[in-house]
2 protein chains.
Amino acid sequence: MSNSTPATIEDVARIAEVSIATVSRAIHMPEKVANSTRLKVNQAIAITGYTTNAMARSLRLGRSNMILVVAPDIGDPNFSNILIGLENEARAHGYGVLIGHTQNDAQRGLEYLKFFNSNQAAGLILFTGILPFGHQMVTAQLPPSVGVFEPVFNGGIPYVGVDDMEGARKAVDLLLAEGHRKIAFIGDSRTRLAYNRRRQGYDAGLDAAGVPKDTRIVLEGDGTIESGRHAVEQLFMRDTLPTAFMCVNDQTAIGVMIGLNARSYNIPQDFSVTGFDDVPQAVFMSPSLTTIRQPRTAIGKQAMALLLELLSDGRPAETEILLRPDLVVRNSVSAPPRNWQKR
Amino acid sequence: MSNSTPATIEDVARIAEVSIATVSRAIHMPEKVANSTRLKVNQAIAITGYTTNAMARSLRLGRSNMILVVAPDIGDPNFSNILIGLENEARAHGYGVLIGHTQNDAQRGLEYLKFFNSNQAAGLILFTGILPFGHQMVTAQLPPSVGVFEPVFNGGIPYVGVDDMEGARKAVDLLLAEGHRKIAFIGDSRTRLAYNRRRQGYDAGLDAAGVPKDTRIVLEGDGTIESGRHAVEQLFMRDTLPTAFMCVNDQTAIGVMIGLNARSYNIPQDFSVTGFDDVPQAVFMSPSLTTIRQPRTAIGKQAMALLLELLSDGRPAETEILLRPDLVVRNSVSAPPRNWQKR
DNA sequence: TTGTACGCGTTATCAT
DNA sequence: ATGATAACGCGTACAA
């Protein structure tokens, strides 16, 4: 029971007085083995505390039952809920989930690719807009992979996420309905496709409402709190103030709120703010943040389902699954102040 | 170069016109092989894109070069920085890091134990106060493990963390120095040893200052935002108000601040608040949160160093490494209001 | 300096 | 219904 080395199938066979083949069958094809012997085997397993050596099993089978989730940033508040969706779906199909943290470093990405190449993982879930393995040489033979949360640029990898354009559209439409006409977009980005699509939603909303677009109030940003804060400062410096800030994600929105706060403005009386993602903190802000919710657990579940399908069928049914984002109305949006021009 | 099945050592041997033993040696003991043949082998490796199959290697060797980090909650804001320390140290010694997420579920813990038992991991880093594998049966033969961030109750596992008592002492001493005498402790816990030690620091500080302890203002809590909020409500209901809230961690402190805010009190004019951990949000709160900083990256580095030592020497040099926590003074603490009794 | 052959723990094939 | 055995890819003792 407490041997120094783990029990092997052979130990079980010896105790059950059968061959190792029978033990293996008793485990994996119970119906092909006599009741009496199955009982003996099960007892022997209980006695020895036997656990099949996944390493040997995978070596023999040429595949593992682990899925590797490759994430550039574990600290992303969006990560953990998606992960739960991934894990639950994987477990339901007999797979385990491991996480590899790349810290946005291609070198580490390559190590996890190697991990896959050694059959230590059956497939990959990618949390990054670009292949995390560095150069193109790799793309020749790509492991079974599914992108999550934002599309993967290179490599034609199937992807599960939210309809970013639709979500952004909902946010801008809310602001327009409240009467805003000077709506800033904070966090335009050429490197992140998800952010790009949100920008498109913003443009589409403005167009549909016949509101002229003003690029002076569209600001670059990388999705961090700092970038939101910085954007506010820039707008005040330039003296091109909007009445509302539509932010590319919640972190940016939080930064905007902090920046506005620091200048002693009130939200939403003086300025309205919207985010995107509905991270856990959003509800705790003051005022609580009106934002777009990502169905995170559902995204995780779908992504894993897609990957498992890809593993069994060879190719996925669909190449892009977009879930519907929901508008979450809280307290950071109101009508613009009557006299905003005068400030 | 882009074959459907990965190249094996045999493929390399064939192309290099040597035996597989020589290939293996050329890789692992380059000095034991002639320069000319080593060259041929390296070329063959380049041609085939050969990568050693870690699965087979570990099966043969009986050990892997992966360290598994077992975490109950990936979303913990303390997690990601410690992880970075762990990863850097591991990489410096040729190990890779994988993360297993248990969601506080013993069943999943057991799966990761199985992962270790299959030699897929050389050792474990535990982020939990109790063994994540469920029952005691397991403890008989425990894998090489190091606890991080808080001690592991059962099993005598070496541990790297912060001196919780000293940290708490710093917080309570600050409050005392500001003149507070009614200091609530929010987040007392019998299940989490780290929190327990923080409580001890609180008690010690009060004793040293000759301030009588009042258990009515020591409240249970599980370290969540909700628990902080709840504690505030309880104190108001009972009408046993303190002038300061010393919280067991930052999340709790954030909850307390939200609760106080909801009742329209000002911090720190009406009440002072301290946290513990210095999570990233702490600096963005308004007012920014005075707290105790955990040297997270350093903790991660030390923990991994301890585990690697344990892997090579068999037993660690020390059984408990406590780093020094630092007081971070921000804006959530001031002297108590003069007239606090009258409210 | 290099090659041969065995074993790590499994599962699958083929007999029995 | 069960057992013997080959094979998965690798590292290494031993032989050459």
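Letters A, B, ... are given to chains in the order of the sequence lines, protein chains preceding strands, and every chain is numbered from 1.
- Taking atom CD on B:Glu10 and atom C1' on D:dC8, their separation rounds to 11 Å, with Å as the unit.
- Closest-nucleotide positions on DNA chain C for B:Ala56 and B:Ile20 were compared, and the one nearer the 5' end corresponds to B:Ile20.
- Across all strands shown, A:Thr51 has heavy atoms under 4.0 Å from sugar-phosphate atoms exclusively, and none from any base.
- Atoms NZ (B:Lys32) and P (D:dG11) sit 17 Å apart, rounded to a whole Å.
- Checking D:dG9, D:dT12, C:dT1 against every side-chain atom of B:Ser24, the shortest atom distance belongs to D:dT12.
- Of the listed residues (A:Ile99, A:Leu311, A:Leu98), just one forms a side chain to side chain contact (heavy atoms under 4.5 Å, CB included) with A:Ile67, and that residue is A:Leu311.
- A donor atom on one side chain and an acceptor atom on the other are found under 3.5 Å apart for A:Arg38 and A:Asn35.
- In this structure, A:Ser58 reaches neither bases nor backbone, as no heavy-atom distance under 4.0 Å exists between it and the strands shown.
- Closest approach to the B:Val18 side chain among C:dT10, C:dG3, D:dT2 is made by C:dG3 (side chain taken as heavy atoms from C-beta onward).
- Residue B:Asn53 places its side chain closer to D:dC10 than to any other of D:dC10, C:dA12, C:dT10.
- Backbone-only contact: A:Ala34 has heavy atoms under 4.0 Å from sugar-phosphate atoms and none from a base.
- Across all strands shown, B:Thr52 has heavy atoms under 4.0 Å from sugar-phosphate atoms exclusively, and none from any base.
- Rounded to the nearest 0.5 Å, atoms CD (A:Glu89) and OH (A:Tyr95) are 12.0 Å apart.
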Side chain to side chain donor-acceptor pair (under 3.5 Å) evaluation trace for B:Gln120 with A:Gln120: CA-CA 8 Å; B:Gln120 298 185 85; A:Gln120 296 184 91; over 6 Å; no

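- Between the P atom of D:dC8 and the CG atom of A:Leu61 lies a distance of 13 Å, rounded to the nearest Å.
- Look at B:Lys40 and B:Glu17 and you find no salt bridge, because none of the NZ, NE, NH1 or NH2 atoms lies under 4.0 Å from a carboxylate O.
- Distance CE (B:Met29) to C1' (D:dT12): 8 Å, rounded to an integer number of Å.
- Checked against D:dG3, D:dC10, C:dT2, the side chain of B:Val33 finds its nearest nucleotide in C:dT2.
- Going from atom CD of A:Glu17 over to atom P of D:dA1 covers 20 Å, rounded to whole Å.
- No hydrogens or angles were tested; on distance alone, a donor-acceptor pair under 3.5 Å links the side chain of B:Arg25 to the base of C:dG3.
- B:Asp11 places its CG atom 9 Å from the P atom of D:dG9, with the value rounded to the nearest Å.
- If you take NE2 of A:His28 and C1' of C:dT10, they are 8 Å apart, rounded to a whole angstrom.
- The side chain of B:Leu59 approaches C:dC8 more closely than any other nucleotide in the set D:dG3, C:dC8, C:dT1.
- Partner of A:Pro158 under the side chain to side chain contact (heavy atoms under 4.5 Å, CB included) criterion, chosen from A:Ile321, A:Val146, A:Leu307: A:Val146.
- Proximity note for B:Arg60 (side chain, C-beta onward) versus C:dG3, D:dG11, C:dG9: the nearest is D:dG11.
- Look at CD1 on A:Ile9: it is 11 Å from P on C:dG9, rounded to the nearest Å.
- For D:dT2, one of the phosphate oxygens OP1 or OP2 lies less than 4.0 angstrom from a side-chain nitrogen or oxygen of A:Thr37.
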